[in-house]
Number of protein chains: 2
Amino acid sequence: MSWRKDQGRAERGYHHGNLKEALLQAALDLISKKGPAGFTFADAARMAGVSPAAPYRHFRDRDELIASIAQRGFEQFESLLTQAWDDGRPDTVSAFERVGKAYLAFAREEPAFYSAMFESGLPVDSNPTLMAASERAFAIIRAAAERLAALAPPGTPRPPAMMMALHIWSMSHGVASLFGRGDAARRKLPMSPEDLLEAEVLIYLRGLGFLTDRRPGTDAADDKPAGEKAGPWGKPK
Amino acid sequence: MSWRKDQGRAERGYHHGNLKEALLQAALDLISKKGPAGFTFADAARMAGVSPAAPYRHFRDRDELIASIAQRGFEQFESLLTQAWDDGRPDTVSAFERVGKAYLAFAREEPAFYSAMFESGLPVDSNPTLMAASERAFAIIRAAAERLAALAPPGTPRPPAMMMALHIWSMSHGVASLFGRGDAARRKLPMSPEDLLEAEVLIYLRGLGFLTDRRPGTDAADDKPAGEKAGPWGKPK
DNA sequence: CGGCTCATGTAAAAGCCGTTCACATGAGCT
DNA sequence: AGCTCATGTGAACGGCTTTTACATGAGCCG
């Protein structure tokens, strides 16, 4: 049966058997409850049912645990973005918007990961593998921007994909961190963060010359079916 | 002479005489050096030359000190933005861009204030006077957006000023917090955060129908549609 | 000037945390 | 069976936050 190495505080021998995993899980819980600053190493150990010194067999120090979480976060983030982008199907623009929504959804649904990744205060370049994971996640956005840039309307200068990607990233992060989660979400808004970001991205894309109204027949290279006549901020009255 | 109540560790009697101010100053130093997490109450006390218990005569706890700093930060921030906006002189669009630059400059030059304001992890609504200060600062951006919205080209639906303001804020905060300061600034970029934000805002404004080229002779009076010549990202090759 | 009072500072202590080190345990291999 | 080494424990150190009882002296009042 499974009485042996259950997670949590089930009776166990001298050795935990799965401590590293249990610690990561506990840390996620704690960070999502009390923020990356409020999380303590000792608490995580307690929650895993081991002594305060035990975690040091698995992580050099508290920062390394947080870095591990950030690392995992970037991996899940990358996977989520990849899935949202879906290689640009069914059309580049709408896939692009889906990526924006996925960004926000991640920040909202995995606040612990998101804080560890972007708000834990640990230097980006402290851990090379961490930076690599971060760059792989960003690469998705960049690849999407690349495809989008290639669709630039003829006659207009083609925007640098890297710049577009950075712009999209900063918008997404800005919305997520100001309005997206927990404490910050308490700022009163006339619209949801999702709608706010979507409008922002659409206006931006239009500024680059992309036709994002998606009225029938006005779309440049896309075959997206008919949408609204309304602009990116809903129906003007 | 001025041997009496000099700042720092100069000889002093039993009473410091200006401890509250000294603590705020010390905290600013420490936060800018080690981030809002690395800052300790005891360190600030030491730096001011008093015992670790002394600060409690002036601040309920560590969080209240940080909140005080955030408060001051918002006040300076508001003043800086007001000055940058300069009531929309000499013209709305360029004043608007100046506000964006001022935002970034504040984040870069006052990282301690900026972290206390946006990254300290304390709930926005913990302190009503703090939230009020924050709202006064945002009101500048909002007022600028209002003026800008009023200039919307005829024939296009007028964008909601509040939404514009939130968009600008999220772009500015996104760029500042991802690329603007200290650790985050180590991400390698093809351009400066300032240029990145300026381009982002210009493209966004163009997406709203504002003509932002501002080369001599191509301004609003011109009949040429925006975006034909040099874009906001410089000369395409 | 003398004395009172109260804001402001100190010392000491409790409780927490991170971290280290010597030591215990027992899982897995030979 | 016995060895070994990864993994966990207990105790200890120093530092931080916060509280409490006590000390100091600046400002005021007569």
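A, B, ... follow the sequence lines: proteins, then strands. Residue 1 opens every chain. Scope of the values below: all heavy atoms of this structure, side chains included, with no hydrogens, waters or symmetry mates.
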For atom [atom1] of [X] and atom [atom2] of [N], their distance in whole Å:
X       : N      : atom1 : atom2 : value
A/Phe41 : C/dC17 : CZ    : P     : 13 Å
B/Arg46 : C/dT10 : CZ    : P     : 13 Å
B/Leu23 : C/dG9  : CG    : P     : 8 Å
A/Leu30 : C/dC16 : CG    : P     : 16 Å

Checklist entry - Any chance the rings of B/Phe74 and B/Phe113 have centres within less than 6.0 Å? => result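 No, the ring centres sit 6.0 Å or more apart.
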
Item to check | Start and end of chain A contact along DNA chain D [non-hydrogen atoms, under 4.0 Å] | outcome: D/dA6 to D/dG10

Item to check | A/Arg98 side chain vs A/Gln83 backbone, donor-acceptor pair below 3.5 Å | outcome: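 It does not hold such a pair.
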
Checklist entry - Which residue, A/Arg57 or B/Ala54, contacts DNA chain C at a nucleotide closer to its 5' end, judged by nearest heavy atom? => result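 Going by which nucleotide is closer to the 5' end, it is B/Ala54.
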
Checklist entry - In terms of the nearest nucleotide of DNA chain C, which residue is placed more toward the 5' end: A/Asp43 or A/Arg60? => result A/Asp43

Checklist entry - What is the ring orientation for B/Phe118 with B/Tyr103, classed by angle as parallel under 30°, tilted 30 to 60°, or perpendicular over 60°? => result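 Taking B/Tyr103 first and then B/Phe118, their aromatic rings lie parallel (interplane angle under 30°).
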
Checklist entry - What residue among B/Glu119, B/His173, B/Arg108, B/Glu109 forms side-chain hydrogen bond (donor to acceptor under 3.5 Å, both in side chains) with B/Tyr114? => result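 Only match with B/Tyr114 under side-chain hydrogen bond (donor to acceptor under 3.5 Å, both in side chains): B/His173.
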
Next on the checklist: Base, sugar-phosphate or nothing for B/Ala53? Non-hydrogen atoms, less than 4.0 Å.
Outcome noted: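 Base, at least one base heavy atom under 4.0 Å.
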
Checklist entry - Which part of the nucleic acid, if any, lies within contact of A/Ser51, taking any heavy atom under 4.0 Å across all strands shown: a base, the sugar-phosphate backbone alone, or nothing? => result base

Item to check | Residues which pass ring-ring contact (aromatic ring centres under 6.0 Å, His included) with A/Phe39, listed by chain and number, not counting sequence neighbours | outcome: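 Not a single residue meets the ring-ring contact (aromatic ring centres under 6.0 Å, His included) criterion with A/Phe39.
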
Checklist entry - With B/Phe96, which residues qualify under ring-ring contact (aromatic ring centres under 6.0 Å, His included), at least two apart? => result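 Per chain and number, B/Phe96 pairs via ring-ring contact (aromatic ring centres under 6.0 Å, His included) with no residue.
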
